[in-house]
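Here is the structure we will look at.
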Amino acid sequence: MTVPALLTPLRHVLVVDDEEGLRHMLVVLLTREGYQATAVGSGEAALRELDHKPYDVVLSDIRMPRFDGLQLVDEIRRRGLRMTVIMMSAFGTLDTALEAMKRGAYDYIAKPFKPDEVVLVLRKAEERERLFRENQSLKRALAARASPNGLRGIDQILGQSKGMQEIARTIRKIAEYKTTVLVTGESGTGKEMVARALHACSPRAKDPFVAVNCAAIPEALLESELFGHRKGAFTDAHRDKRGLFEEASGGTLFLDEIGDLPVALQVKLLRVLQEQEIRPVGAVSDVKIDVRVIAATARDLPGEVKEGRFREDLYYRLNVLQIHLPPLRDRKEDIPALLEHFIAKINTRLGTRIGGTSTDALQLLIDHAWPGNVRELENTVERAMVLSDGNRIDAEVLPDKVRESRDKIRLTLLSGELSIKKTTRVIEEELIRKALRETRGNRTNAAKLLEISHRALLYKIKEFGIESAGKI
Ligand SMILES: Nc1ncnc2c1ncn2[C@@H]1O[C@H](COP(=O)(O)OP(=O)(O)OP(=O)(O)O)[C@@H](O)[C@H]1O
Ligand SMILES: [Mg+2]
């Protein structure tokens, strides 16, 4: 995350002057004005200081013995340090000051100066810096808008796979409507990310996106959280409180884990969606709302409906438009791009300098079944980056469960074992475990993947002592 431009004034100032009295005066003045000022007496000392501490501004005299202000400007530029350099020019050095500006200094102040003049020049430099940063962030925003997907928000969603491309298209198509969307998919597949992209691409983008996790809030509080309450509605209701529906006014309310919504509230939510009105707890009348609702769940809602845990009418009301995120194991072609994205993101966050993965590590990452989907991949990459000594992720820093199958097969091959029968057995066992992992223990589907009969699979499961999907 970048710090907003306005919150980053040019705070650290390095004063360079061989005259002690002036150094002292400037430090006192600048400190009083809210800057953090340090002073040194020569150009060499200034360079030493700049080499190990970041400064925003250098305020330097021009004429100093040995190493003068002009040389200092040259050195700063040569080292690629990005800072504002302001020269202080005494009588007779105006030409040199102008020369310094040609070489990269920002401005100069003629000596002797009044304190106000110094402050004014600094403020001006600050304004220029603010504009510069604003310009940078606008450029970034424009670049994001011109992403291959063509829209802000969606550019964060990576995936070359057909499934993800289709999802990006759907988001673009339906974002502008107020229609309720149900986002489904296993844990960690990117449901919240899709909800945020829908919001970001919609005309509501400037208004709030409010996320509620229906499973995390105790049932007794959920109603007042969602709809608000009136003073005196219950013992702790000391004043009126706005609910999340009102907080999201004009924007989007994301109801995460909707499958966990208590049945009593399911009835109320259905009414809200139909009437576009809420009734705060303890209120006698309804309040109109303008909110787009996006709901998400990792549960099988039709199954929940059949079991009587989820109201059918609410299910249909939510499911007007559905986006289903396929599990990562069904779209492995997305893995390389996701890896690249996470490595860059984590490099920025942790200050690491990982350039990529070894071929070996990449293969293991592609082979893994990823039961925790994209979130698990992201966590695995972060852990591997922290553990890496070099500048790439090697197979050794990957967790055991990612490395396991490969190691076993390789060990057998390296052991000097020549028996085809024994080696094939190891490979066979690993393929069966992998197929069962990918199908979450569904033996019929696993047999299909393995291209063997269901009976043959059952026989081998017994032979290899593979018990349950959980242990695979
Ligand atoms: N296609 C993708 N491109 C880029 N990042 C992704 C993608 N899919 C998921 N992510 C990232 O993976 C992480 C998990 O995604 P998200 O929180 O949206 O998943 P979720 O389905 O809501 O998970 P859960 O069910 O556990 O709440 C986030 O950091 C998200 O940014
Ligand atoms: Mg989520």
Side-chain angles (χ1 to χ4, degrees), residues 1 144 147-172 175 181-201 209-217 244 248 252-261 293-301 303-304 310 318-319 321-350 356-357 365-366 368-386 402 440:
M1 203 185 102
S147 69
N149 286 314
L151 275 173
R152 278 160 301 151
I154 295 195
D155 54 285
Q156 293 301 319
I157 302 184
L158 298 166
Q160 293 308 307
S161 62
K162 254 201 184 141
M164 291 311 287
Q165 292 290 315
E166 181 63 40
I167 285 172
R169 262 197 304 277
T170 309
I171 292 176
R172 242 173 290 148
V181 181
L182 179 64
V183 189
T184 58
E186 287 177 15
S187 159
T189 44
K191 297 184 293 296
E192 178 155 354
M193 185 191 61
V194 164
R196 286 181 188 277
L198 276 167
H199 175 74
C201 295
F209 175 91
V210 176
V212 207
N213 184 338
C214 301
I217 301 175
L244 295 171
T252 305
L253 182 67
F254 176 52
L255 298 172
D256 204 358
E257 319 265 10
I258 191 80
D260 291 52
L261 194 71
V293 171
I294 301 177
T297 182
R299 293 193 186 209
D300 161 35
L301 275 194
E304 299 285 301
F310 202 85
L318 290 172
N319 197 27
L321 293 166
Q322 189 184 129
I323 294 183
H324 177 71
L325 284 157
L328 189 56
R329 62 182 171 282
D330 289 348
R331 45 179 169 113
K332 294 204 159 172
E333 59 270 47
D334 290 345
I335 291 179
L338 284 168
L339 279 174
E340 200 179 307
H341 166 72
F342 290 140
I343 290 174
K345 182 168 141 191
I346 298 164
N347 271 336
T348 315
R349 179 151 53 82
L350 301 182
T357 59
L365 290 166
I366 291 175
H368 188 58
W370 300 114
N373 295 296
V374 184
R375 186 194 307 288
E376 185 191 2
L377 177 69
E378 184 171 8
N379 294 342
T380 304
V381 172
E382 174 161 356
R383 174 182 179 278
M385 285 173 70
V386 171
V402 176
R440 309 215 136 195

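The structure presented is a predicted model; accordingly, all values stated were derived computationally and were not measured. Atoms within each ligand, like the ligands themselves, are counted from 1 in listed order. This chain uses plain numbering: 1 for the first residue, then up along the sequence. Both backbone and side-chain heavy atoms feed into the values below; hydrogens, waters and symmetry mates do not.
Nearest to atom 17 (O) of ligand 1 by heavy-atom distance, out of His341, Lys191, Arg375, Met193, is Arg375. Comparing Gly190, Ala168, Ala296 by heavy-atom distance to atom 15 (O) of ligand 1, the nearest is Gly190.
Residue-ligand proximity, Met164 to ligand 1, at heavy-atom distances under 4.0 Å covers atoms 1 (N). Of all atoms in ligand 1, numbered sequentially from 1 with element shown, those under 4.0 Å from a heavy atom of Glu192 are 18 (O), 22 (O). Against a heavy-atom cut-off of under 4.0 Å, Leu158 is close to the following atoms of ligand 1: 1 (N), 2 (C), 3 (N), 4 (C).
In terms of the side chain to side chain contact (heavy atoms under 4.5 Å, CB included) criterion, residue partners of Asn213 (sequence neighbours excluded) are, by chain and number, Ala215, Ala216, Glu257. Among residues two or more places apart in sequence or in another chain, the salt bridge (Lys or Arg N to Asp or Glu O under 4.0 Å) test is passed with Lys162 by none.
At the top of the distance list for atom 4 (C) of ligand 1, counting protein heavy atoms only, stands Gln156 O, 3.3 Å. In this structure, the protein non-hydrogen atom closest to atom 10 (N) of ligand 1 is Val374 CG1, 3.4 Å. Atom 29 (O) of ligand 1 has its closest protein heavy atom at Glu378 OE1, 2.8 Å.
In Leu338, the part holding a heavy atom less than 4.0 Å from any atom of ligand 1 is the side chain. Counting heavy atoms closer than 4.0 Å to ligand 1, residue Ser187 contributes atoms from both its backbone and its side chain.
A donor-acceptor contact shorter than 3.5 Å links the side chain of Asn373 to the backbone of Leu328. Side chain of Lys332 to main chain of Leu365: no donor-acceptor pair is present (N/O by atom type, distance under 3.5 Å, no hydrogens or angles). Looking at Thr348, its side chain does come within 3.5 Å of a backbone N or O of Ala344 through a donor-acceptor pair. Under the 3.5 Å distance criterion, the side-chain polar atoms of Arg331 are matched with a main-chain donor or acceptor of Pro326. Side-chain atoms of Asp334 come within 3.5 Å of backbone N or O of Gln160 as a donor-acceptor pair. A donor-acceptor pair is defined here as one N or O able to donate and one able to accept, closer than 3.5 Å; no such pair exists between the side chain of Lys191 and the backbone of Leu325.
Residue-ligand proximity: Ala298 is placed with every non-hydrogen atom at 4.0 Å or more from ligand 1.
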